[in-house]
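A quick note: this is a predicted structure, and the numbers were derived from the prediction, not measured. Below, chain A is the first sequence line, B the second, and so on; all start at residue 1. Note that these values count all heavy atoms, side chains included, but never hydrogens, waters or copies made by symmetry.
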Amino acid sequence: MNMKYTITTPLYYVNDKPHLGSSYTTIACDAIARFQRLSGNTVLFLTGVDEHGQKIERTAVSKNLQPQLHCDEITEKYKYLWDKLNISYDRFVRTSSEEHTSIVHQFYSRVLESDDVYMGRQSGWYCVGCEEYKDIEDNDKSPICSIHKKELEWRDEENLFFRLSKYQDQIEKLIQVDGFISPKSRKNEIVNFVSKGLRDFSISRINLKWGINVPENKDHTFYVWFDALLGYVSGSLRDQSCPELTDDSLCNWPANIHVIGKDILRFHAVYWPAMLLSAGMKTPASVFGHGFLTREGQKMGKSLGNVLDPIELLEYGGIDAMRWYLLRDIEFGEDGDFQMKRFVDIVNSDLSNTIGNLLNRTITMSKKWFNDKIPIDKSLLTESSLKLHSEIKINEYIKSFNDSNFRNSANAIIDLANKANLYLNDRAPWKLIKDITKKEIVALDIYSVLETCRIIGLLLNPFVPDLSIRILNQLKIDSSSINFQKSLHWGLLDPDNGLEEPRPVMDKIEFNENSI
RNA sequence: GUCAGUGUAGCUCAGCCGGUUAGAGCACAGCAUUCAUAACGCUGAGGUCGAGAGUUCAAGUCUCUCCACUGACACCA
């Protein structure tokens, strides 16, 4: 069952500090990576930054910095945030690194060998913000980029082109493969796009210093996309100090899933596989384009001044709250709306009231009546109705997680916790315990609920690793080597193991209209 | 403009091939109450299922029109 599993975030563009959207993507990837590790797979979780391009060059100039220094600065902010969010990435790729440059050159030479590069001419209106040419109506003399609201620049330059058109048939076949593009709603868009016929695209720019030079074409540097996508390759090097692109120099190749924002789906689902085919490399197994976040119904943007800074959110609600809310309440794949009131409500209800309180009340009872040993007859364990419920919910959880359906997966945990709360209310051990002859029954009930708590603690791990550990710690369970196949069985909690003093594992967040 | 998707209680969403009084969770109100983090539990209030028309014995569920939002329509990290 031990399989390799590779997951990537996009390589974030270091034009500006990380925002909530990139945090969201990265948290989602982290949850998947953790889930896969717990499932016993060897995971390579890759993230990083894309550092080249004219936009960055200009941003650096405006800050009076060398591009490299600007990139260093922003990169640190990413690393700092991922650290704060407890992101368990294995590799952090920087496209300004030497090994990446080397990989790009080697990859390029493979593409050249396949005869997939030619010199062409490209002219048109160019948006530096987008780093791309725009289709503009002929009579427009001073067109403006609809995205950036800035004037476009007229360019007429020689570019190297990649023969994307050559891969029309192969790409059509690939994107038809069930599960290659997720969610399904986005697959049609890509299929549609490809069916209209693929055009070659440019892979180099001239007059751009801040980029990787194209061998034997001194004036050219690689277009950011060609450069950035290859970050997935350089991040997969078995030995990063030895950037050789050979058949076995990569580990865990290709990616099982590239998780990206819906805006860059095409690059990953079409251009990227074609590039790999050209270089004679394996294509990724799937690409997942998730949706975007709005805030209180409005698009987040500098002009509106409503950008939600992930650091501020983190300081306000804490890491568990932030991770839980984003994964639990926003349909992965669809656009979602961040609402502060709901953020507070969901987190308090799920994590503090339902789960936290369940653990707290049960441990209190256990310690009060049984001290550190719960006297149960293990042969009676199988009769607990909670055993059945937990098995059902574990299955739901795993199935949903495999479909990247975090919401349903999280709901399965909450359902189980609700069942346990109901079980307690139903059995009312605080009444039974008054009758000394019922003590064994009470012991079994308490044990069953504690065991359910253990399972909840485990299931929570990919979502909210910190909280998960706090729960397991109270149950005195070693959380360092959890394995779902081994740990998710009923009855593994040692009744003689003892319990820590009950202490709320999740404090409530106070809602405050103007908190952030 | 063309194509696609979405529009169900205050919020987030379920509602399969059309069929009795439209569901869940959260939020809200009342009751009850300590084993527990004013938590858990019980009860309740809340919707002309975007609008209009049509097909049908019967439509949230099918058809058409319209409205709103979202996305794609080639180089938007």
d([atom1], [X]; [atom2], [N]) in whole Å:
X        : N     : atom1 : atom2 : result
A:Ile181 : B:A4  : CD1   : P     : 18 Å
A:Lys262 : B:A4  : NZ    : P     : 18 Å
A:Tyr78  : B:A77 : OH    : P     : 12 Å
A:Phe267 : B:A74 : CZ    : P     : 12 Å
A:Ile346 : B:A24 : CD1   : P     : 16 Å
A:His100 : B:A77 : NE2   : P     : 15 Å
A:Phe161 : B:A74 : CZ    : P     : 15 Å
A:Arg186 : B:U70 : CZ    : P     : 14 Å

Would you measure the distance from the [atom1] atom in [N] across to the matching atom in [M] and give it in whole Å?
N     : M     : atom1 : value
B:C62 : B:A77 : P     : 38 Å
B:C11 : B:G1  : P     : 29 Å
B:C17 : B:G60 : C1'   : 16 Å
B:G47 : B:U33 : C1'   : 33 Å
B:U20 : B:G5  : C1'   : 33 Å
B:C49 : B:A59 : P     : 12 Å
B:U70 : B:G18 : P     : 32 Å
B:U61 : B:U6  : C1'   : 16 Å

Report task. At under 4.0 Å between heavy atoms, which parts of nucleotides 8-17 of chain B does protein reach? Answer with one letter per nucleotide, 5' to 3': B base, S sugar-phosphate only, - none. Result -> ---BSS----
Report summary line: Nucleotide by nucleotide, nucleotides 33-40 of chain B touches protein heavy atoms under 4.0 Å in the pattern (B base, S sugar-phosphate only, - none) --BBB-SB
Query raised in the report: Any donor and acceptor pair, going by atom type alone, linking the side chain of A:Asn217 with main-chain N or O of A:His220 inside 3.5 Å?
Result: no
**Report entry** Polar side-chain atom of A:Asp435 near backbone of A:Thr437 as donor-acceptor pair, under 3.5 Å
**Finding:** yes
Report task. Report the C-alpha separation of A:Asn353 and A:Lys508 in whole Å, then their side-chain angles, then the decisive distance to 0.1 Å, and conclude whether the side-chain hydrogen bond (donor to acceptor under 3.5 Å, both in side chains) test is met. Result -> CA-CA 9 Å; A:Asn353 297 349; A:Lys508 288 192 193 175; 3.1 Å; yes
Query raised in the report: Is the distance between the ring centroids of A:Phe161 and A:Phe201 less than 6.0 Å?
Result: no
Query - Validation row, ring centre A:Phe406 to ring centre A:Phe401 under 6.0 Å - result: yes
Will you find, in the side chains of [X] and [Y], an N or O donor that is under 3.5 Å from an N or O acceptor?
X        : Y        : answer
A:Tyr397 : A:Asn411 : no
A:Ser409 : A:Ser400 : no
A:Asp200 : A:Tyr118 : yes

Query raised in the report: Among A:Gln68, A:Gln54, A:His70, A:Lys55, whose side chain to side chain contact (heavy atoms under 4.5 Å, CB included) with A:Trp210 holds?
Result: A:Gln68
Report task. Mark yes or no: A:Lys79 above the aromatic ring of A:Phe92, with NZ or CZ under 6.0 Å from the six-membered ring centre and no more than 45 degrees from the axis. Result -> yes
Report task. Kindly state whether the pair A:Tyr271 / B:A74 counts as stacked, where counting means centroids closer than 5.5 Å and planes tilted less than 30° apart. Result -> no
Report task. State which of B:A77, B:A74, B:G71 makes the closest approach to the side chain of A:Lys299. Result ->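 Selected nucleotide (nearest to the side chain): B:G71.
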Requested in this report: Mind checking which stems touch RNA chain B? I mean at least 3 consecutive Watson-Crick or G-U pairs, both distances under 3.5 Å.
Outcome: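 Stem list for RNA chain B: B:1-7 with B:67-73, B:10-13 with B:23-26, B:28-31 with B:41-44, B:50-54 with B:62-66.
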Query raised in the report: A:Tyr12 near the nucleic acid: base, sugar-phosphate alone, or nothing, with a heavy-atom cut-off under 4.0 Å?
Result: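 Answer is sugar-phosphate: A:Tyr12 comes under 4.0 Å of backbone atoms only.
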Requested in this report: Under 4.0 Å between any heavy atoms, over every strand shown, what does A:Phe292 touch: base, sugar-phosphate, or nothing? Just pick one.
Outcome: nothing
Query raised in the report: Is the glycosidic torsion of B:G10 within 90° of 0, making it syn, or is it anti?
Result: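 For B:G10, whose glycosidic angle is more than 90° from 0, the conformation is anti.
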Query raised in the report: According to the interplanar angle, ranging from 0 to 90°, do the rings of A:Phe162 and A:Tyr167 count as parallel (below 30°), tilted (30 to 60°) or perpendicular (above 60°)?
Result: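 Aromatic pair A:Phe162/A:Tyr167 classed parallel.
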Query raised in the report: Is the number of heavy atoms from other residues, nucleotides or ligands under 6.0 Å of A:Lys419 NZ greater than 12?
Result: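 Result for NZ/A:Lys419: open.
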Query raised in the report: Where each residue is assigned the nucleotide of RNA chain B containing its nearest heavy atom, which of A:Arg328 and A:Leu229 is assigned the position nearer the 5′ end?
Result: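 It is A:Arg328 whose nearest nucleotide is closer to the 5' end.
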Query raised in the report: Between A:Asn192 and A:Ile414, which is nearer to the 5' end of RNA chain B once each is assigned its nearest nucleotide?
Result: A:Asn192
Query raised in the report: So do A:Pro10 and A:Thr25 actually touch side chain to side chain, heavy atoms under 4.5 Å?
Result: yes
